[in-house]
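The next block holds one structure in the form of structure tokens; read it before the comments.
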Amino acid sequence: MNLLVLLASTSFWDSVSPELSSRMSISLTIILTLAAYTSTRPAAIEKAPYVTFHDWCEQMGIVIVTGISVHNVFAVVMCGGEHGEAPVWMAEEFERNEDQTLAG
């Protein structure tokens with residue numbers, strides 16, 4: 001499960017296109033995988049009425065991957081204009097925020 005969260009962070013380095021869909025497909029697929037994984041509890045803690053460490057790790061994993069998805073939206077909007085095929089509005093937004101991006 002922790003490896004899935006680490007894998008979601010690789011979506012930050014997906015710079016093949018200026019579109020958000022390529023980055024979000026990675027992180028949203030992992031969110032769905034984590035949600036499916038958290039739908040059942042292991043037999044040892046299945047009947048525990050309180051939140052266990054296992055439950056907490058699952059919840060934090062979903063929160064972190066959701067945060068990665070939100071950051072991907074901001075990264076594409078602010079830095080996506082650097083790509084040669086970016087739309088005009090995205091290139092203008094990149095020029096306006098160039099001092100805040102890593103490419104600037």
Show me the donor-acceptor pairs, under 3.5 Å and distance only, between side chains in residues 57-66 and residues at least two apart or in other chains.
residue: E58; atom: OE2; partner: H54; partner atom: ND1; Å: 3.4
residue: E58; atom: OE2; partner: H54; partner atom: NE2; Å: 3.4
residue: T66; atom: OG1; partner: I62; partner atom: O; Å: 2.7

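Applying the salt bridge (Lys or Arg N to Asp or Glu O under 4.0 Å) rule to pairs touching residues 26-39 yields nothing, sequence neighbours excluded. Sequence neighbours left out, the pairs with a member in residues 26-35 that pass side chain to side chain donor-acceptor pair (under 3.5 Å) are S27-S69.
Under the side-chain hydrogen bond (donor to acceptor under 3.5 Å, both in side chains) criterion, T52 pairs with D55, not counting sequence neighbours.
Cluster partners of L3, by chain and number: L6. The rule joins Ile, Leu, Val, Met, Phe, Trp and Tyr whenever side-chain heavy atoms lie under 4.5 Å apart. In this structure, F74 belongs to a hydrophobic cluster whose other members, linked by side-chain heavy atoms under 4.5 Å apart, are V70.
Placement of M24 and L32 in two distinct hydrophobic clusters is found when ILVMFWY residues are connected by side-chain heavy-atom separations under 4.5 Å, directly or transitively. Cluster annotation: V51 and Y37 are assigned to distinct hydrophobic clusters (Ile/Leu/Val/Met/Phe/Trp/Tyr, side-chain heavy-atom contacts under 4.5 Å, transitive). Clustering ILVMFWY residues whenever any of their side-chain heavy atoms sit less than 4.5 angstrom apart, transitively, puts M1 in the very cluster that holds L7.
Listed here is the closest heavy atom pair of S11 and N72: OG-ND2, 2.8 Å.
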